[in-house]
Amino acid sequence: QVQLVESGGGLVQVGGSLRLSCTASGRTFSFPAMGWFRQAPGKEREFVGTIVWSGGRSGDSIDYGDSVKGRFIISRDNTKNTMYLQMNSLKPEDTAVYYCATGYPARLRFASDYQYWGQGTQVRVSS
């Protein structure tokens with residue numbers, strides 16, 4: 001089992017920045033892939049990005065959703081079992097509950113393929 005806990009959400013003005021954290025505990029070494037998703041009220045859960053650990057053989061593989069590409073940055077610190085989401089140039093449409101997830105996703109961009117989820121952290125961007 002894996003437990004995921006997100007933190008770092010809050011209220012920020014348009015153009016501002018926030019950094020979210022997702023700390024994992026449990027069988028973390030079994031799951032090299034971790035992802036960020038978000039869900040706004042009345043909308044489906046949206047892919048934000050993923051990071052897949054290479055095991056040290058090469059750089060991690062990182063992918064972003066089109067709506068955040070160029071503004072958000074994903075990273076991870078395996079020594080702390082923590083993944084980060086640096087969010088820059090925030091827009092009102094970034095307002096959502098942000099979730100981290102892990103597991104053995106066959107399709108990295110599909111929320112339904114992830115087995116373990118955190119409780120989410122709320123991000124609000126005010127205009």
Side-chain angles (χ1 to χ4, degrees):
Q1 290 291 331
V2 174
Q3 294 78 43
L4 302 174
V5 178
E6 303 96 335
S7 62
L11 177 64
V12 63
Q13 291 187 333
V14 168
S17 298
L18 276 177
R19 189 177 81 156
L20 305 183
S21 299
C22 171
T23 300
S25 60
R27 295 175 51 199
T28 56
F29 295 110
S30 300
F31 307 106
M34 297 187 75
W36 285 102
F37 292 80
R38 66 186 183 185
Q39 189 165 18
K43 295 188 177 181
E44 293 186 354
R45 197 159 292 191
E46 178 189 11
F47 170 72
V48 174
T50 62
I51 183 167
V52 180
W53 183 47
S54 67
R57 293 182 295 274
S58 62
D60 291 341
S61 176
I62 301 175
D63 185 29
Y64 297 98
D66 290 343
S67 62
V68 306
K69 196 173 295 184
R71 299 187 298 122
F72 290 11
I73 301 171
I74 294 174
S75 62
R76 65 192 287 173
D77 184 341
N78 288 331
T79 65
K80 298 180 179 179
N81 289 331
T82 299
M83 174 178 64
Y84 303 98
L85 181 65
Q86 177 66 43
M87 304 186 296
N88 301 318
S89 302
L90 284 162
K91 306 175 181 180
E93 51 265 43
D94 294 319
T95 294
V97 177
Y98 283 71
Y99 299 90
C100 66
T102 192
Y104 290 109
R107 302 166 297 176
L108 290 170
R109 289 178 167 233
F110 286 74
S112 58
D113 283 18
Y114 287 78
Q115 289 78 36
Y116 301 99
W117 290 84
Q119 82 289 348
T121 185
Q122 177 73 56
V123 171
R124 289 190 175 91
V125 183
S126 65
S127 57

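What you see below is based on every heavy atom in this structure, not just the backbone, and it leaves out hydrogens, waters and symmetry mates.
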Qualifying residues under salt bridge (Lys or Arg N to Asp or Glu O under 4.0 Å), relative to Glu46, sequence neighbours excluded: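 Applying salt bridge (Lys or Arg N to Asp or Glu O under 4.0 Å) to Glu46 gives Arg38.
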Sequence-distant partners of Arg19, salt bridge (Lys or Arg N to Asp or Glu O under 4.0 Å), two or more places apart: none
Pairwise side-chain contact, Arg45 with Tyr114, heavy-atom cut-off 4.5 Å (strictly under): no
Beyond-backbone contact of Val12 with Met87, side-chain heavy atoms, under 4.5 angstrom: no
Minimum heavy-atom distance [X]-[Y], with the two atoms named:
X      : Y      : result
Thr95  : Ala40  : O-CB, 3.7 Å
Gly8   : Leu18  : O-CD2, 3.8 Å
Gln115 : Pro105 : OE1-N, 4.4 Å

Linking I/L/V/M/F/W/Y whenever their side-chain heavy atoms sit closer than 4.5 Å, directly or via other members, would [X] and [Y] fall into one cluster?
X     : Y      : result
Ile51 : Trp117 : no
Leu85 : Met83  : yes
Val68 : Ile62  : yes
Tyr99 : Leu108 : yes
Val2  : Tyr104 : yes

To the closest 0.5 Å, what do you measure between [atom1] ([X]) and [atom2] ([Y])?
X     : Y     : atom1 : atom2 : result
Thr82 : Leu20 : OG1   : CG    : 12.5 Å
Asn78 : Asp60 : CG    : CG    : 7.0 Å
Asn88 : Asp94 : CG    : CG    : 10.5 Å

Test: Asp66 and Lys69 ion pair at under 4.0 Å: yes
Give a yes or no on whether the backbone of [Y] and the side-chain of [X] come within a donor-acceptor separation of less than 3.5 Å.
X      : Y      : result
Arg71  : Ser89  : yes
Tyr116 : Cys100 : no
Glu6   : Gln119 : yes
Tyr64  : Ile74  : yes
Asp113 : Arg107 : yes
Thr102 : Ala33  : yes

If you look only at distance, which donor and acceptor atoms sit under 3.5 Å apart when one is on a side chain in residues 120-127 and the other is two or more places apart or in another chain?
| unit_1 | atom_1 | unit_2 | atom_2 | d |
| --- | --- | --- | --- | --- |
| Thr121 | OG1 | Gly9 | N | 3.1 |
| Gln122 | NE2 | Ala96 | O | 3.3 |

Mutual orientation of the aromatic rings belonging to Phe72 and Tyr98 [parallel < 30°, tilted 30-60°, perpendicular > 60°]: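 Tilted: the ring planes of Phe72 and Tyr98 meet at 30° to 60°.
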Parallel, tilted or perpendicular: rings of Phe37 and Phe47 (30°, 60°): perpendicular
Atom CD of Glu93 with >12 non-hydrogen neighbours under 6.0 angstrom: yes
Over 12 non-hydrogen atoms of neighbours within 6.0 angstrom of NZ in Lys43: no
